[in-house]
Number of protein chains: 2
Amino acid sequence: MSSRAPTLEDVAREAGVSRATVSRVVNGVRNVDPAIQDLVRRAVARTGYAPNRAARSLVTRRTETVALVVSGAGDLSDEAQDAFASRVFSDPFFGRVVAGVTGYLRPRSMYPVLMFAETPEARRDVVAYLRQGRADGALVVSTHAEDALPPLLAEAELPAVLFARPARPLPLSCVDLAHRDGGHLAAERLLARGCRRSVTIAGPLAVAASQERLAGFRRTMARRGHPSVPVAEGAFTLDSGRTAMAALLDEHPDLDGVFAANDLMAQGACEVLRERDRRIPQDVAVVGLDDSSAAVTCRPPLTTVRQPVEQMAAAMARLLDEHIRGDRTEPASEIFAPELVVRDSA
Amino acid sequence: MSSRAPTLEDVAREAGVSRATVSRVVNGVRNVDPAIQDLVRRAVARTGYAPNRAARSLVTRRTETVALVVSGAGDLSDEAQDAFASRVFSDPFFGRVVAGVTGYLRPRSMYPVLMFAETPEARRDVVAYLRQGRADGALVVSTHAEDALPPLLAEAELPAVLFARPARPLPLSCVDLAHRDGGHLAAERLLARGCRRSVTIAGPLAVAASQERLAGFRRTMARRGHPSVPVAEGAFTLDSGRTAMAALLDEHPDLDGVFAANDLMAQGACEVLRERDRRIPQDVAVVGLDDSSAAVTCRPPLTTVRQPVEQMAAAMARLLDEHIRGDRTEPASEIFAPELVVRDSA
DNA sequence: GTGAAAGCGCTAACAT
DNA sequence: ATGTTAGCGCTTTCAC
């Protein structure tokens with residue numbers, strides 16, 4: 001058994017060259033004689049050398065690691081925090097974020113460190129983690145608009161990129177959806193189907209994205225002769241979609257179109273509509289937003305406005321990478337266009 | 001702006017002591033005069049000192065980081081790999097694993113690095129990552145029994161703990177469920193409800209866990225006068241549950257009890273049963289296994305056999321931690337007892 | 001109880 | 001094109 005892992009020194013001795021030369025070869029720096037490169041590579045293979053990252057990080061001041069932080073505004077107890085983790089993961093949205101992020105990072109041999117920041121203390125831990133140089137920057141996905149983490153990161157001047165614009169402007173890059181256009185696409189679809197009495201289940205109105213989806217929907221409806229559309233506020237959850245749909249049905253039994261601001265609420269709405277014997281889409285057309293796996297699982301499969309989450313998440317990782325390498329110094333925001341995906345519900 | 005982050009040296013100067021003393025205070029080593037401790041702590045606060053982890057790791061040979069690897073037997077293309085990430089996350093099981101792991105890690109200021117290992121190359125990357133000392137060990141959750149990663153880890157003598165026993169014995173610690181007992185509990189429940197014509201939807205039979213759940217179910221059924229039980233093989237997915245249920249119904253229209261080897265398949269089974277106008281549980285009783293969030297989402301909510309995933313995941317993290325610190329040298333396996341959770345479906 | 005000093009393994013000037 | 005050398009910031013003997 002190897003009592004000690006081989007070091008650059010060992011490889012250098014084995015190859016009969018200096019440490020520096022081995023380092024150059026290992027790091028793919030040019031200006032090394034091809035013959036010697038070969039010699040070194042062979043020595044590396046023989047010794048089974050693997051560069052010690054701590055040593056490298058110490059001098060390069062880089063870890064090639066980024067934190068992927070799921071942050072909320074809440075101030076939860078310890079048990080609630082653990083529940084938070086499984087709640088986050090039960091939302092198909094998060095899986096798409098992870099897929100997009102790893103899609104970018106992986107070819108670069110980078111991997112995300114998963115952190116949850118649901119309490120003030122946890123947020124401090126995130127900042128401390130970065131300040132210790134355990135990660136080069138953070139990708140932040142907030143569950144609430146008033147998330148306290150981004151300001152902390154900005155103040156500490158730590159590289160960070162946000163998914164969705166923060167409630168208050170911050171000198172941080174972010175990616176976001178053109179939410180208004182999303183509402184617009186949903187309205188167009190319902191109108192095209194001939195719906196005359198559409199309603200909408202909005203997301204939590206404290207969230208800017210919810211406001212904008214609603215505004216886009218309303219504006220298009222107004223322009224097309226429907227100046228007032230009944231609205232019920234939901235919380236982006238299945239249950240809140242059910243509750244909102246029930247309330248809307250009670251007040252407007254003759255409704256014939258529904259735009260739910262996300263798929264999960266649309267799914268809840270579908271459940272209630274079917275329980276009340278409305279056929280979808282014949283009696284009531286339903287349009288969701290996200291194109292999450294819930295859209296496919298839903299009966300009937302949802303016509304929905306696709307949010308290109310994977311692309312957005314990949315862009316987030318790319319922006320962070322650029323900031324870290326110093327290729328980008330000013331904060332940027334990249335806005336992505338939604339797209340209508342037609343299935344069976346509308 | 002600080003052009004350079006404060007180091008131990010800076011704090012030492014500020015406090016008028018030596019680097020060594022500051023180090024002792026920061027690391028909570030005793031044998032430091034309380035008065036000096038105070039002095040140092042104040043200096044740390046004033047300077048805003050955060051220890052450089054790379055430097056520390058270089059000497060301690062430890063990163064206080066562990067990898068959380070989701071590994072499969074497959075050999076997927078790049079695009080399929082990205083899809084793999086979102087698929088993994090859409091399974092509620094994984095969220096519970098993350099919750100359990102972070103529950104143990106977080107109080108210790110440790111965070112998991114998320115890695116997917118769906119290809120031979122990705123598995124090599126995982127081994128390389130650990131060999132470079134970027135993480136102290138790995139927590140491995142395999143999606144298939146014949147996962148090639150655990151043997152690689154064992155061979156490289158890297159600290160690792162597995163969720164579920166490997167197909168072939170390996171000198172690695174693992175946690176697992178008493179699967180047979182799970183099947184037994186399900187059988188008992190169906191029998192207690194008076195089911196006389198029970199069937200079962202098994203998991204993929206290549207997986208040992210599936211085999212054992214089935215064996216436990218069958219044995220109890222046999223002992224209680226039902227020597228042969230119809231079986232359909234599923235793949236632990238919603239759709240496979242639907243397909244299996246449909247097949248079983250076609251062959252045994254009079255069935256009155258179903259044990260599905262996980263909740264997702266049970267949910268699929270419920271959907272099909274309702275579509276075919278069977279009332280649950282009056283006409284057909286359904287028992288799942290996992291007690292995942294699918295069990296609660298399902299209509300009706302599932303009676304199921306709970307797998308204490310969070311506890312198992314936490315134990316996995318603890319075992320790994322013990323191996324890393326050298327508190328445990330021999331591989332251990334911890335087996336957890338399943339528990340019946342009664343809801344509405346049986 | 002505290003300080004001095006060695007050295008962890010690597011990269012990057014600089015010299016050749 | 002290659003080698004020499006000086007650190008990166010920390011922990012940890014070893015003296016005192």
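Just so we're on the same page: letters track the sequence lines, and every chain starts at 1. Just so you know, these numbers use all the heavy atoms, side chains as well, and skip hydrogens, waters and symmetry mates.
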Of the listed nucleotides D/dT11, C/dG3, C/dC10, the one nearest the side chain of B/L8: D/dT11
Phosphate contact (C/dT11 OP1 or OP2) by A/N27 side-chain N/O below 4.0 Å: yes
Nearest-neighbour nucleotide for the A/P51 side chain, C/dC10, D/dG9, D/dT4 considered: C/dC10
Phosphate-side-chain proximity, B/T21 and C/dG3, N/O vs OP1/OP2 below 4.0 Å: yes
DNA chain C: 5'-proximal contact among B/A20 and B/V59 (nearest heavy atom): B/A20
Below 4.0 Å: OP1/OP2 of D/dG9 and any side-chain N or O of B/T7: no
Any B/S23 side-chain nitrogen or oxygen under 4.0 Å from OP1 or OP2 of D/dC10: no
Residue pair B/D176, B/R165: steps toward the salt bridge (charged side-chain N to carboxylate O under 4.0 Å, His left out) verdict: CA-CA 6 Å; B/D176 208 342; B/R165 275 162 296 186; 3.0 Å; yes
Side chain of A/V32 - closest among C/dG3, C/dG9, D/dT2: D/dT2
Pair of N/O donor and acceptor under 3.5 Å linking C/dG3 base with B/R24 side chain: yes
Flag side-chain contact, heavy atom, 4.5 Å: B/V161 against B/L172: no
Whole-Å distance separating the CG atom of A/N52 from the C1' atom of C/dG9: 6 Å
OP1 or OP2 of C/dG1 under 4.0 Å from side-chain N/O of B/N31: yes
Out of C/dC10, D/dG9, C/dT2, whichever nucleotide has its closest atom nearest the side chain of B/I36: C/dT2
Test salt bridge (charged side-chain N to carboxylate O under 4.0 Å, His left out) applied to B/E146 and B/R168, step by step: CA-CA 8 Å; B/E146 293 289 343; B/R168 265 172 282 275; 2.9 Å; yes
Minimum-distance nucleotide (side-chain atoms of B/D33 versus D/dC10, C/dC10, C/dG1): C/dG1
Residues that A/P166 engages under side-chain contact (heavy atoms from CB on, under 4.5 Å), provided they are two or more places apart: A/L162, A/L170
